[in-house]
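Remember, it's 1-based here, ligands and their atoms both numbered in the order they're listed. As the structure is a computational prediction, the values presented were derived from the model and not from experiment.
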Amino acid sequence: MEKTLLIIKPDGIQKRLIGEILRRVEAAGLAIKAMRMLQLDRRTAGRFYAVHKEKPFYHSLVEYMTSGPVVVAALEGINAVSRFRALIGATDPDKAEEGTIRRLFADSIERNVVHGSDSTENGCIETSFFFGTADLEMVESTE
Ligand code: CDP
Ligand code: MG
């Protein structure tokens, strides 16, 4: 079992794609373990994307990610990281495979609707960035 972080980015919310994206997650057999809507501030968005701090697109990325509310969700499943990356497609929607979320709905390499963790390790780090152990360990159902 792996965990991976989904973020529905501000353009995804503006385009009213929350239901569409979650439907695709569930249809792919990934479990939603925890979920919340929130407004990122510049400091939090900057910390989340710290790995990109030196990139030319960093400041624009932080602006974009703080431009409106986002939905964050911890997804779980066997090979959840690679399965969810396959569902969202390449960073640049023009290079993303047909039928992927970014290919279908993204406007540009920046405004690409969704985030998905890129490795098993980052899946753990990023789900823990937004959710506590109590949220992530929650059992599926009780009698
Ligand atoms: O999100 P993903 O892992 O596919 O791509 P990334 O290389 O980790 O970049 C993080 C985010 O920065 C992307 O999802 C885009 O929103 C943005 N980005 C950008 O604005 N311009 C680029 N050339 C590359 C990424
Ligand atoms: Mg990435």
Side-chain angles (χ1 to χ4, degrees), residues 1-140:
M1 282 296 229
E2 285 179 358
K3 285 187 173 60
T4 191
L5 184 75
L6 156 68
I7 305 179
I8 305 177
K9 297 181 177 183
D11 54 329
I13 309 292
Q14 278 155 20
K15 290 179 170 183
R16 300 179 184 267
L17 290 171
I18 298 171
E20 174 65 29
I21 290 165
L22 296 179
R23 186 189 65 74
R24 285 166 181 267
V25 165
E26 291 191 313
L30 294 165
I32 300 167
K33 291 293 286 184
M35 182 161 65
R36 168 161 108 244
M37 183 181 257
L38 59 100
Q39 169 70 50
L40 289 170
D41 59 29
R42 301 183 60 84
R43 186 172 157 273
T44 308
R47 270 205 303 130
F48 183 77
Y49 280 119
V51 65
H52 293 310
K53 214 164 192 104
E54 307 306 326
K55 305 272 176 65
F57 59 80
Y58 176 76
H59 288 286
S60 179
L61 174 60
V62 170
E63 280 296 312
Y64 159 50
M65 291 300 291
T66 57
S67 66
V70 298
V71 167
V72 294
L75 310 182
E76 191 178 80
I78 294 160
N79 297 324
V81 170
S82 60
R83 282 166 63 204
F84 185 56
R85 289 291 290 202
L87 207 62
I88 71 178
T91 312
D92 181 349
D94 292 336
K95 297 187 177 130
E97 286 212 34
E98 293 292 340
T100 58
I101 291 170
R102 283 167 165 172
R103 178 67 171 228
L104 286 165
F105 304 118
D107 290 333
S108 70
I109 193 168
E110 178 182 77
R111 298 177 68 83
N112 59 8
V113 176
V114 276
H115 168 84
S117 307
D118 67 358
S119 67
T120 304
E121 189 191 3
N122 281 335
C124 290
I125 293 170
E126 291 179 356
T127 50
S128 300
F129 186 93
F130 287 105
F131 301 102
T133 314
D135 301 317
L136 297 173
E137 299 301 302
M138 200 162 56
V139 293
E140 291 275 292

Classify the side-chain pair Ser82/Asn79 by whether it contains a donor and acceptor separated by less than 3.5 Å.
-> no
Over 12 foreign heavy atoms within 6.0 Å of NE2, His52 | yes
Amino acids in close contact with ligand 1, where any non-hydrogen atom sits under 4.0 angstrom away | Lys9, Tyr49, His52, Phe57, Leu61, Arg85, Thr91, Arg102, Ile109, Glu110, Asn112
Just wondering, more than 12 heavy atoms not from Gln39 lying within 6.0 Å of its CD?
-> yes
Hey, is the main chain of Ala80 close enough, under 3.5 Å, to the side chain of Glu2 for a donor-acceptor pair?
-> yes
Do other residues, nucleotides or ligands put more than 12 heavy atoms under 6.0 Å from the NZ atom of Lys55?
-> yes
Do Tyr58 and Tyr49 have their ring centres less than 6.0 Å from each other?
-> no
